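Notes to accompany the following structure.
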Amino acid sequence: MIDGKGRSIDYLRISLTDRCNLRCVYCMPEDGVCQIEHSRILDFEEILRLVHIMALLDVKHIRLTGGEPMARRGCLDLAARIHAVPGIESISMTSNGILLKDKVHQAKLSGISSLNISLDALDPAVYSRLTRGGDVSQALAALRQALEEGMKVKINTVPVRGFNEGDLARIAQLARDEALCVRFIELMPIGSGSQAGRIPYAEAAALLEEAFGKPEADTGTYGHGPARYVKYPGFKGAVGFISALSHEFCASCNRIRLTADGQLKLCLNHTKGLDLRGMLRQGAEDEEILDAVRRAIAQKPERHAFYEAISDHEERAMNAIGG
Ligand code: SAM
Ligand code: SF4
């Protein structure tokens, strides 16, 4: 549907869990976080009911995220059921890849057509330090399997000062050798991200230009997101930049989010939303929920306002929102 600012909202990110098998320094505290009680997490029937309702409002694209979506038991069965919902045209997943290893074929069979794999370093020691214990060889195995399965693959990399500066060009190089996208996501000051060192877009772009030469703008369509793509000389794939702070993209935002505990979020950096779990569990009819979602989307904030002193800044950690 069209929101109050004339934007077409057709993309829903569903966070299946706030739990994760990693502890990336910019996302989760080292000792984990206070996890959402199981009873407060939407069950699969509740999620499916909401997807049916969203599809009636012209949501066409679904992304499963988390925490780590593969850490939720039955995640791929749910994907298959979402894929079968009339009106849903695509289903994708964002994962750190570790638990996806050896399950990529099953993911493809469930209808997932594209995978975003988060990979912040190639150097095993840097990866382990940044994720606090992750084994990069497992994430790379999942990446290889996804390419062998012919899935659309994007790599998500967050440049973090003091961690992966030395790995950024090596990661971008994956798009030289394979027809995939590597996207550099500018660190956002949400949750643990507020304490990590942001490397601004311009600095990351300069580093890549030094390594690969001047890129050309790439106007290809690589999904439904806010990345701006470029192509470096001799590259098979594209390199994208998602820079919420350096280049705000709110004017073309097409997305809403459903948190694992059933809150509809209208903007990554605003608490303003809708308690869908409450409505579901208080016995609301579909029509009533549809109407409430329609009214909420009409109120979607104009912009994220990371720099402004507003009262409803998001205070939840990224693993609870889904990125
Ligand atoms: N666990 C999965 C993963 O890492 O791909 C999915 C959830 S994770 C929250 C989704 C995306 O958000 C990841 O690509 C991650 O790098 C990104 N992310 C997490 N915290 C962030 C932050 N503070 N700023 C920018 N991106 C962040
Ligand atoms: Fe887990 Fe993803 Fe957050 Fe890393 S970015 S801690 S993998 S949820």
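Whatever order the structure lists ligands and atoms in, that order sets their numbers, starting from 1. Quick caveat, the model's predicted, so the values are computed rather than measured.
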- Task: Go through ligand 2 atom by atom and flag the ones less than 4.0 Å from a non-hydrogen atom of Met28.
- Result: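 Those atoms are 6 (S).
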For [X], the ligand 1 atoms whose distance to one of its heavy atoms is below 4.0 Å:
X: Asn156; value: 14 (O)
X: Asn96; value: 2 (C), 3 (C), 5 (O)
X: Gly67; value: 1 (N), 2 (C), 6 (C), 7 (C)
X: Glu68; value: 1 (N), 2 (C)
X: Gly193; value: 23 (N)
X: Glu186; value: 25 (C)

- Item | Selected option - heavy-atom contact closest to atom 1 (Fe) of ligand 2, from Gly67, Ser15, Cys20 | Cys20
- Among protein heavy atoms, which sits nearest to atom 7 (S) of ligand 2, and what does the distance come to when rounded to 0.1 Å? Asn96 ND2, 3.2 Å
- Item | Heavy-atom nearest neighbour in the protein, as seen from atom 4 (Fe) of ligand 2, with distance rounded to 0.1 Å | Cys24 SG, 2.3 Å
Is a salt bridge present between [X] and [Y], judged by a nitrogen-to-oxygen distance below 4.0 Å?
X: Arg161; Y: Glu203; value: yes
X: Lys60; Y: Asp10; value: no
X: Asp177; Y: Lys236; value: no
X: Arg81; Y: Glu45; value: yes

- Under 2.8 Å: N/O/S of Cys27 next to atom 4 (Fe) of ligand 2: no
- Message: Please classify the Ser95 to ligand 1 contact at 4.0 Å (heavy-atom distances, strictly less than): side chain, backbone, both or neither.
- Response: backbone
- For ligand 1, the portion of Val158 having any non-hydrogen atom under 4.0 Å away: side chain
Counting only nitrogen or oxygen atoms and a 3.5 angstrom limit, does [X] reach ligand 1?
X: Ser118; value: yes
X: Thr65; value: no
X: Gly66; value: no
X: Asn116; value: no
X: Pro69; value: no

- Run the contact test for Pro189 against ligand 1 with a 4.0 Å cut-off on heavy atoms, strictly below, and give the result. no
- Message: Is it the case that over 12 heavy atoms from other parts of the model lie below 6.0 angstrom from the NZ atom of Lys103?
- Response: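 At most 12 heavy atoms, drawn from other residues, nucleotides or ligands, come within 6.0 Å of this atom.
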- Message: Please determine whether the number of non-hydrogen atoms from other residues, nucleotides or ligands lying under 6.0 Å from atom CD of Glu209 exceeds 12.
- Response: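 Result for CD/Glu209: enclosed.
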- Item | Residue of the set Asn156, Val136, Thr131, Val182 for which side-chain contact (heavy atoms from CB on, under 4.5 Å) holds with Leu119 |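 Of the listed options, the one satisfying the test is Val136.
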- Look up atom CG in Asn164 and atom CG in Leu122, then write down how far apart they are to the nearest 0.5 Å.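 Asn164 atom CG to Leu122 atom CG measures 10.0 Å (nearest 0.5 Å).
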- Point-to-point distance, once rounded to the nearest 0.5 Å, from NZ of Lys5 to CD1 of Ile297: 14.5 Å
- Query: Do the non-hydrogen side-chain atoms of Phe241 and Glu186 ever get within less than 4.5 Å of each other?
  - Reply: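 No; the side chains remain at least 4.5 Å from each other.
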- Heavy-atom closest pair, residues Arg19 and Ala71: O-CB, 4.4 Å
- Task: Have a look at Glu46 and tell me which of Arg277, Arg281, Arg40 forms a salt bridge (Lys or Arg N to Asp or Glu O under 4.0 Å) with it.
- Result: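 Option passing the salt bridge (Lys or Arg N to Asp or Glu O under 4.0 Å) with Glu46: Arg281.
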